[in-house]
Amino acid sequence: MRDADGERAADGAVTGGRRADPATEAFVAHRNLLFTVAYEMLGSAADAEDVLQETWLRWAQVDLGGVRDQRAYLIRVTTRQALTRLRSLGRRKESYVGSWLPEPLLTAPDVAEDVELADSVSMAMLLVMETLAPTERAVFVLREVFALGYDEIAEAVGKSHAAVRQIAHRARAHVAARRPRGDASADAARDVIEAFRRASETGDLQGLLDVLAPDVVLVGDGGGIKRAVLRPVVGSGKVARLLAAGAARAGAGAAVRSTRVNGHPALAVWLDGALDTVLAAHVDDGLITGLYAVRNPEKLTRMRQETALIR
């Protein structure tokens with residue numbers, strides 16, 4: 001973001017050798033938090049960045065003397081912008097080719113250390129939140145992830161205190177009924193993903209079957225740009241054969257590398273030196289129960305450098 005002289009204004013504390021103004025300093029101080037709020041509501045880093053741009057434009061016009069709590073004010077503006085974007089995203093997803101998956105983020109180890117944050121941004125959990133209505137999702141995120149008070153949330157979503165309490169209760173019940181089970185420790189999950197990596201890279205059918213749950217579900221997202229399964233594939237036999245066949249087609253030009261996506265162990269598939277697929281997984285009781293294969297190149301740009309997520 002730039003000031004009137006074309007210098008960066010909202011992404012750094014100093015512009016053109018000058019100390020940034022108070023509005024810029026406050027925005028920069030809370031930027032990672034605001035991005036996390038927007039991403040949790042949208043599942044898209046690109047749209048989250050657009051929301052932050054809109055938030056900055058509004059924040060830059062505010063008289064800071066009248067703002068009692070800058071953090072709360074910025075979260076409120078970000079939430080309102082994200083709600084508007086979320087409603088338009090719903091219409092875009094209706095015409096999306098194949099399954100829609102959240103945009104994967106390369107994250108630092110500290111995200112995994114915050115277990116609740118890592119759980120809330122996991123692919124599996126973001127897909128559960130996709131089943132919430134926009135206002136329900138906003139209330140759930142602000143209350144359950146960021147622990148905001150009901151009065152703060154009511155201001156952000158434009159509802160009464162009583163209505164927000166009801167929405168929060170309904171959203172919690174909705175998510176609890178659909179939340180994927182998962183009791184694997186970080187080390188155990190990493191071991192399972194490593195075994196899966198070795199089997200995937202070599203096309204070892206039995207090795208794949210050993211780490212896939214009988215009712216495993218594979219969801220692919222090519223966005224109509226790259227080849228991907230158009231519907232979820234269910235069952236260890238079908239998923240294993242599909243992955244083994246993919247490894248055979250890729251041949252020697254493919255490399256499967258360990259990475260960390262949205263706070264969890266994952267895999268990155270490289271073909272001829274270029275990132276082709278991000279494979280996130282959900283692990284339960286030592287087996288992979290969910291696989292999320294993102295191939296849409298427009299969703300892989302955040303795998304180039306780490307994204308900071310905080311709450």
Side-chain angles (χ1 to χ4, degrees), residues 36 39-40 42-46 48 98-109 111-112 114-115 117-130 178-201 208 211-213 215-223 226 228-229 232-234 236 239-240 242-243 246-247 254-271 275-284 286-307 309:
T36 307
Y39 177 75
E40 293 237 16
L42 300 169
S44 164
S99 300
W100 183 95
L101 287 174
E103 187 175 347
L105 306 178
L106 178 65
T107 49
V111 175
D114 185 338
V115 176
L117 176 61
D119 176 64
S120 71
V121 296
S122 69
M123 284 286 189
M125 189 60 178
L126 288 173
L127 284 175
V128 170
M129 288 197 283
E130 282 291 312
R178 295 162 178 79
R179 183 192 294 269
R181 293 193 316 119
D183 58 3
S185 67
D187 289 340
R190 195 176 301 110
D191 291 343
V192 172
I193 300 302
E194 175 57 24
F196 176 68
R197 184 195 68 77
R198 293 193 299 268
S200 298
E201 194 165 42
L208 290 167
V211 295
L212 296 176
D215 57 351
V216 63
V217 178
L218 167 66
V219 183
D221 180 345
K226 286 289 192 76
V229 293
V233 178
V234 182
S236 56
V239 172
L242 182 66
L243 293 172
V256 184
R257 302 170 186 169
S258 299
T259 187
R260 184 168 292 277
V261 168
N262 292 37
H264 296 271
L267 300 178
V269 181
W270 294 74
L271 286 178
L275 179 61
D276 179 82
T277 305
V278 168
L279 263 175
H282 184 74
V283 178
D284 178 30
L287 294 173
I288 295 172
T289 58
L291 280 170
Y292 314 98
V294 181
R295 299 199 69 210
N296 183 347
E298 295 177 354
K299 292 187 176 184
L300 299 180
T301 59
R302 283 282 178 156
M303 294 300 295
R304 296 170 185 163
Q305 62 182 22
E306 291 179 351
T307 296
L309 298 175

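Two residues are said to be in side-chain contact when any heavy atoms from C-beta on lie closer than 4.5 Å; Val219 and Leu101 meet this criterion. Contact annotation: the side chain of Val217 never approaches that of Leu291 to less than 4.5 Å [non-hydrogen atoms, C-beta and beyond]. No side-chain heavy atom of Leu271 sits less than 4.5 Å from a side-chain heavy atom of Thr277. Side-chain contact between Leu127 and Pro102: present, with at least one pair of heavy atoms (C-beta onward) separated by less than 4.5 Å. Using a 4.5 Å heavy-atom threshold, the side chains of Leu309 and Val121 count as touching. Counting heavy atoms from C-beta outward, Leu105 and Tyr39 have side chains that approach closer than 4.5 Å. Using a 4.5 Å heavy-atom threshold, the side chains of Val261 and Val294 count as separate. Residues Thr36 and Leu117 form a side-chain contact, since some pair of their non-hydrogen atoms from C-beta on lies under 4.5 Å apart.
Rounded to the nearest 0.5 angstrom, Arg257 CZ and Glu201 CD are separated by 9.5 Å. Remark: Ser44 OG to Glu298 CD distance equals 10.5 Å, nearest 0.5 Å.
For Val216 against Gly290, the heavy-atom pair with the smallest separation is CG2-N, 4.1 Å. Nearest heavy atom pair, residue Gly220 against residue Ser99, reads O-CB, 3.4 Å. Summarising the geometry of Ser236 relative to Ala213, their closest heavy-atom pair is CB-O, 3.4 Å, with the distance given to 0.1 Å. Listed here is the closest heavy atom pair of Leu208 and Ser200: CD2-OG, 3.6 Å. Contact record, Ala268 with Thr259: N-CG2, 4.0 Å, taken as the closest heavy-atom pair. Between Ala112 and Ala118, the shortest heavy-atom contact is CA-CB, 4.1 Å.
Side chain of Glu103 to main chain of Leu300: no donor-acceptor pair is present (N/O by atom type, distance under 3.5 Å, no hydrogens or angles).
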* Step-by-step side-chain contact (heavy atoms from CB on, under 4.5 Å) determination, Leu275 to Met303 -> CA-CA 9 Å; Leu275 179 61; Met303 294 300 295; 3.7 Å; yes
* Please test Ile288 against Ile193 for side-chain contact (heavy atoms from CB on, under 4.5 Å), starting from the C-alpha separation and ending with a verdict. => CA-CA 8 Å; Ile288 295 172; Ile193 300 302; 4.2 Å; yes
* Do Arg260 and Arg190 pass the side-chain contact (heavy atoms from CB on, under 4.5 Å) test, and can you show the C-alpha distance, the side-chain angles, and the key distance before you say yes or no? -> CA-CA 10 Å; Arg260 184 168 292 277; Arg190 195 176 301 110; 3.3 Å; yes
* To do: Would you check, one step at a time, whether the test side-chain contact (heavy atoms from CB on, under 4.5 Å) holds for Phe196 with Leu267?
  => CA-CA 9 Å; Phe196 176 68; Leu267 300 178; 3.4 Å; yes
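Side chain to side chain, Arg302 and Thr307 meet the donor-acceptor criterion of an N or O pair below 3.5 Å. When only modelled atom types and interatomic distance are considered, Ser120 and Glu40 share a side-chain donor-acceptor pair under 3.5 Å. If you check the side chains of Asn262 and Tyr292, you find no donor sitting under 3.5 Å from an acceptor.
In terms of the salt bridge (Lys or Arg N to Asp or Glu O under 4.0 Å) criterion, residue partners of Arg198 (sequence neighbours excluded) are, by chain and number, Glu194. Here Asp191 pairs with nothing under the salt bridge (Lys or Arg N to Asp or Glu O under 4.0 Å) rule; sequence neighbours left out.
A salt bridge between Lys299 and Asp221 is present, with a side-chain N of the basic residue lying under 4.0 Å from a carboxylate O of the acidic one.
Pairs passing the salt bridge (Lys or Arg N to Asp or Glu O under 4.0 Å) check and including a residue from residues 118-127, sequence neighbours excluded, read Asp119-Arg179.
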